[in-house]
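All chains are named by letter (A, B, ...) in the order of the sequence lines, taking the proteins before the strands, and each is independently numbered beginning at 1.
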Amino acid sequence: MTIDASRGVQAPPELVQLLTPEGERVEHPDYDIDLTPEEIRGLYRDLVLVRRIDLEAVALQRQGELGIWASLLGQEAAQIGSGRALTDADMAFPTYREHGVAWCRDVDPVKLLGLFRGVNHGGWDPVEHNFHLYTIVIGSQTLHAVGYAMGIQRDGAEAAAIVYFGDGATSQGDVNESFIWASVFNAPVVFFCQNNQWAISEPLEKQSRIPLYRRASGFGFPGIRVDGNDVFACLAVTRQALRNAREGNGPTLIEAYTYRMGAHTTSDDPTRYRVADELEAWKLKDPIERLKAYLFKNQLADQAYFEAIDAEADALGRDVRKRCLEMPDPDPLAIFDHVYAHRHPLMEEEREQFAAYLASFEGSEGR
Amino acid sequence: MTIDASRGVQAPPELVQLLTPEGERVEHPDYDIDLTPEEIRGLYRDLVLVRRIDLEAVALQRQGELGIWASLLGQEAAQIGSGRALTDADMAFPTYREHGVAWCRDVDPVKLLGLFRGVNHGGWDPVEHNFHLYTIVIGSQTLHAVGYAMGIQRDGAEAAAIVYFGDGATSQGDVNESFIWASVFNAPVVFFCQNNQWAISEPLEKQSRIPLYRRASGFGFPGIRVDGNDVFACLAVTRQALRNAREGNGPTLIEAYTYRMGAHTTSDDPTRYRVADELEAWKLKDPIERLKAYLFKNQLADQAYFEAIDAEADALGRDVRKRCLEMPDPDPLAIFDHVYAHRHPLMEEEREQFAAYLASFEGSEGR
Amino acid sequence: MTTLTLAKAINEGLRRAMEDDPKVLIMGEDVGKLGGVFRVTDGLQKDFGELRVIDTPLAESGIVGTAIGLALRGYRPVCEIQFDGFVFPAADQIITQLAKMPLRSLGALKLPVVVRIPCGGGIGAVEHHSESPEAYFTHTAGLRVVACSNPADAYVMIQQAIRCDDPVIFFEPKRRYWEKAEVDTSPEAAAGWPDLHTARVVRPGGDVTVLAYGPMVRTCLEAATAAEEDGRSVEVIDLRSLNPLDTALVTDSVRRTGRCVIVHEAPVYSGFGAELAARITESCFYHLEAPVLRVGGFSTPYPPSKLEEHYLPDLDRVLDAVDRCFAY
Amino acid sequence: MTTLTLAKAINEGLRRAMEDDPKVLIMGEDVGKLGGVFRVTDGLQKDFGELRVIDTPLAESGIVGTAIGLALRGYRPVCEIQFDGFVFPAADQIITQLAKMPLRSLGALKLPVVVRIPCGGGIGAVEHHSESPEAYFTHTAGLRVVACSNPADAYVMIQQAIRCDDPVIFFEPKRRYWEKAEVDTSPEAAAGWPDLHTARVVRPGGDVTVLAYGPMVRTCLEAATAAEEDGRSVEVIDLRSLNPLDTALVTDSVRRTGRCVIVHEAPVYSGFGAELAARITESCFYHLEAPVLRVGGFSTPYPPSKLEEHYLPDLDRVLDAVDRCFAY
Ligand SMILES: Cc1ncc(C[n+]2csc(CCOP(=O)(O)OP(=O)(O)O)c2C)c(N)n1
Ligand SMILES: Cc1ncc(C[n+]2csc(CCOP(=O)(O)OP(=O)(O)O)c2C)c(N)n1
Ligand SMILES: [Mg+2]
Ligand SMILES: [Mg+2]
């Protein structure tokens, strides 16, 4: 019954870490990972590219091209580590911030922008990518993931579901119900909580007085806290949890201990509620810097390599920007599309009326 | 991550027990209780009388005098033990089955019957008795209790709230949210879960795969399992938890391990889903029999005493029955009463119209 | 032809749907061994196993939320909400997820989820067990909302709802569960099934149109019989579908009769009857001899059961409205 | 007189209420240091402390459920729901508890809880941030439902809502938060405050009555100005209270003008406008030259923001309805 005051900088003792902020590889009794240099460079590339996409999106929002953007800055390792742990058959359920996971699922970044630009509410095919739509209502996707996992069970398939949510989300009834369902049905699901220390302006203490990973024990399944800025540890821990799920050993809660380096969204002003020091301290634990240091120290990559990735990132940024600006506005009558799968007379009636109404302006100078 | 298969008869090891089913007083390292013979006899009387009220209600329902009844049979010790732990200043939030707690709060049993007879939705004054109305929507009262406890905190009062709910209720989002609120605000509240092994037809395994008292640990406050058929243990454990709450040490979850000896309600047919053996085994752990044995063995009461209590119970039963049958039907226009505290034109309009409508039948043979 | 109660007709319909399609699942509280508190799922777990008939934890949001997930994996879950008054914990999953996810996916996802809700009063129950929450769902775009009123329809409609690729809120009139009628369960009959979203004239008449659905259909039929004695010819329409609405059938009737009374159990204020009245008035303005009148529960919470006979529209209240209609 | 934005006017009203009564509490997500995402509670935690301005865990059911508990202990909590689309997790606590508990207690309990909901669209937001869920609450007996449309009203109405012993759902038109007007915050002005449940003619006119509330009041006023150029005199009424409704003021107007158009942002189908239309038609049947027409959001989920200008009623859509009204 201790109050967890470890938010902020001090890494709590129970944290699984395989790569220190300084880029040192460390051992953990329960988790290890064996990656080829190629794979490690691949992770580095992922991290850099998703950060670049994110930066571009923030810039686009500042220029009025997006209505809003939820930045993943600082959470790249949590997302790439867990995202790269997935097999094609696994299914991921994101919040609105999982741009890094989307990247791992081959979702075109421009499709993510569509939602924030207001062109649609979700522009990719979740089935094609095994990456569900972004969910904005906090926590509700956790139940979808558990239901999906129950379907996997019924199919006898070799797959698992993973569901992303934030520290704030752990307070929602739905999230806790999803823990119950998963445990009672022993569903093949991994709960991946990115504890980025903040739910908009509310620090973790407003949601829990003990570390979040411990929530799972009350529901009878394992919880584990991983250094969310350590892409190796995130990959190793998530892989293991997914394997357990696929093998019929039920759910795991992973708390990726990380930090929201930016604002909650581009509409937010974090200076109103948090001190600059905190951010400075976390910058020293940057997920990309530590992997870069590791690569460099271990001579797995040289300056030319880093420059090439940066160039690739810049090109990607430019491409994303260009295609974002080219995105056509939806047709007004699209309002009535896809509301129902089958014919619906009211949709037809309102669509016709509206089409006639729009037509009445044609040629006139009005509107 | 073990499946708890302890439902049923075998008392789980972590159970706090001060009185065995055979009526032996046993010691527990953390809990003790010191009661005068007078007090012990008082508890016995409570148990017998509430069981009698309950039996009478079941009979009244069978005779068509109540629409339905939710019997507390088997749960008397949990309710009397916890109910007698309350001070006048404490506030209790019941489900629909807490007739024993109502008794401890001096609520006239006939008022409970009113609800089940369909005369009203709750006929007592919660403020007068510090006993809230029955809540039928599973789990929703847990949040009310926590909010109330936050009010106690703000008042700086020497009091606590206690909230009752069942094993099934632990699956509801609201109940888990109430754990979060209580823990984050360190609210002076005791969560009293009567695990009577069944939620209508669903055994505990459908709600949790580990013992329920362990849920609390995931939220950062203590959980404890008590023998719910042992009135001493229930009293001792609840007292302690209430004291902790009042002293600013925050919430406790108490799981009273007990058994629903009857049907879920008078509308239910438990033979469809549970085996008779289970009931037989639990009968040996009857909360009243064991206290009777204790009283007898320790010469705290004799046959004459037991007979006197039985006679008192019978008289009470007759009185309850009589006053139940005398309960007047509500006036039709009462439909519009108390919906709002202040004037509400729509209520007035509909009331007037309905009064006129009713008047139109007067004298006619219709209706 | 078999004689079935309404509850049994739904049970048979569920069974047929489960036989026809292995992806159909049943889920809810007490739907397994107990067969549901109204026995609507009686015997299904025994015959189809626990993987297809799932006793869930006690949480409605969880029921609907996991049903959505199962649907995303290709299943067709039929959720039971034990009583009308307990649907509200699931409101968020129904309104923000179930109803909106297909549009969110630009049609890539379909959510063939049925949410069965026993509804309405008249059974002498305690609070929350007698409500008619349909208006919350008719106002929620993305859902289809239907209500059955008799065994034959119930048998057919539940199968159609399950086959529908859109989410369907399926209201069952609980006080009619034990009413019996002939049901044609032969496979051949299926060819003649009316569309799920058609209304039906259940009693033709020329003087006034009475619109009802669910439990009130029978009440209105009785009122029509009584009105006949007064020489009034009442046309009773069973709407069957509340969203979408079979507008053509309804407005044709009202244009013919020039008068319309709407009957439902839910509170009148801001209830579904308001939509009917507003819509009909707009379409039939020149044909109406009187304003469309509404008969419903009072605009109060559902009262204790000793008062429900007063609260619920009955034959007399319907006739009274019909009379008022003719006073214009 | 002070010039205040609507957001600031509510902020001042909250502040005044908290000064007047130590039992008034504010609770919600981010209402403390941040002052709410719209800054409506800005500065209140600093001045009244964390015990009175409570940053809650992220769960709307918890917010309303604990507010009920606080009210039972004698407090007067004002809950903020961060955006309209996030009220649904609290639906159960609002509908089955907040609305029904006073009746359940036969009047022994009062629940002076205010639930503030920033509502409506037009701010270019993502899904769930632009909805108008009022009809779910107008249909829920036991609640009072009000909507403010301008700073002066907002300042007064929030204080009246807090003082009301019944639960009040308080809608705030989020796209009007930044609109400014003169507000008389002097204590003396309070004597002249109209009742919380009165509607108001915000622009008198003789040819047609336009009913609106919340964000649409301004739109309708603009439409009325435009209509004047066409020689049409439009009376605009700001309903202010949706339950109860100021029926007398509304029907007096419609009887005078003989025509009525209702405007709201929520989907038309089964929306609150339906109740208005049905009720007005019943009371004013002989006075109506045309059916009551409704202008609202389409009967679809709220669209992505690039489409919202088409979805939301605007000046042209209101004028179009006014024109259609005169075509009868
Ligand atoms: C049900 C609901 N309530 C409120 C909101 C508004 N909201 C959006 S994000 C957010 C904070 C979420 O915090 P957390 O879960 O920690 O995720 P993070 O944004 O930090 O990734 C809130 C309150 C919402 N989207 N859904
Ligand atoms: C929200 C909600 N869903 C469903 C029900 C129907 N129901 C009434 S009691 C009950 C089982 C409750 O089980 P438990 O919590 O163990 O309490 P017990 O009845 O055993 O005391 C159910 C499902 C309800 N009252 N409320
Ligand atoms: Mg967070
Ligand atoms: Mg139980």
Peer 1: Side chain from CB out, backbone as N, CA, C, O: work out which of these in D:Arg104 comes under 4.5 Å of a heavy atom of chain C, or both, or neither.
Peer 2: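 When you check distances to chain C, only side chain atoms of D:Arg104 fall under 4.5 Å.
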
Peer 1: In terms of heavy-atom proximity below 4.5 Å to chain C, should D:Glu131 be classed as side chain, backbone, both, or neither?
Peer 2: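 The side chain, not the backbone.
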
Peer 1: Atom CD of D:Glu282 and atom CZ of C:Arg294: how far apart are they, to the nearest 0.5 Å?
Peer 2: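 Output value for this atom pair is 6.5 Å.
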
Peer 1: Counting distance only, does the side-chain N/O of D:His139 pair as donor-acceptor with the main-chain N or O of C:Tyr136 below 3.5 Å?
Peer 2: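 Pair absent, no side-chain N/O of D:His139 close to backbone of C:Tyr136.
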
Peer 1: Top residue by heavy-atom pair count (under 4.5 Å) with chain D, among C:Pro267, C:Ala277, C:Gly142?
Peer 2: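 Max contact count across the listed options: C:Pro267.
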
Peer 1: What is the ring orientation for C:Tyr286 with D:Tyr328, classed by angle as parallel under 30°, tilted 30 to 60°, or perpendicular over 60°?
Peer 2: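 Judged by the thresholds at 30° and 60°, the geometry between C:Tyr286 and D:Tyr328 is tilted.
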
Peer 1: Tell me, for D:Leu242 versus chain C, whether the close heavy atoms (under 4.5 Å) come from the side chain, the backbone, both or neither.
Peer 2: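 Contact with chain C: backbone only.
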
Peer 1: Name the region of D:Glu127, side chain, backbone, both or neither, that has any atom closer than 4.5 Å to a heavy atom of chain C.
Peer 2: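 Side chain only.
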
Peer 1: Quick check on the structure: residues of residues 295-304 of chain C within a heavy-atom distance below 4.5 Å of chain D, by number.
Peer 2: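 Residues C:Ser299, C:Thr300, C:Pro301 are the ones that qualify, each having a heavy atom under 4.5 Å from chain D.
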
Peer 1: Side chain of D:His128, backbone of C:Thr96: donor and acceptor closer than 3.5 Å?
Peer 2: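 Absent.
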
Peer 1: Of the backbone (N, CA, C, O) and the side chain (C-beta and beyond), which part of D:Leu288 lies under 4.5 Å from a heavy atom of chain C, both, or neither?
Peer 2: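 Contact with chain C: backbone and side chain both.
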
Peer 1: Can you name the closest pair of heavy atoms from C:Leu245 and D:Tyr269 and give their distance?
Peer 2: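 Looking at all heavy atoms of both residues, the closest pair is CB-OH, 3.5 Å.
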
Peer 1: Which bit of D:Glu289 is near chain C, if near means a heavy-atom gap under 4.5 Å: side chain, backbone, both or neither?
Peer 2: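 For D:Glu289, the contact with chain C is made by the backbone alone.
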
Peer 1: Please report the closest heavy-atom contact between C:Ala91 and D:Phe88, naming both atoms and the distance.
Peer 2: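 Shortest heavy-atom separation between C:Ala91 and D:Phe88 comes out as CB-O, 4.2 Å.
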
Peer 1: Measuring from D:Thr281:OG1 to C:Leu293:CG, what's the distance to the nearest 0.5 Å?
Peer 2: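 Separation between the atoms: 11.0 Å.
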
Peer 1: Give the member of D:Ala90, D:Ala266, D:Ser61, D:Ala141 that has the highest number of heavy-atom pairs under 4.5 Å with chain C.
Peer 2: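 With the most close heavy-atom pairs to chain C, the winner is D:Ala141.
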
Peer 1: Counting only heavy atoms closer than 4.5 Å, note whether D:Ser283 contacts chain C via side chain, backbone, both or neither.
Peer 2: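 Contact with chain C involves no heavy atom of D:Ser283 at all.
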
Peer 1: Of the listed residues (C:Pro133, C:Gly273, C:Gly271, C:Ala274), which shares the most heavy-atom pairs with chain D below a 4.5 Å separation?
Peer 2: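 With the most close heavy-atom pairs to chain D, the winner is C:Ala274.
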
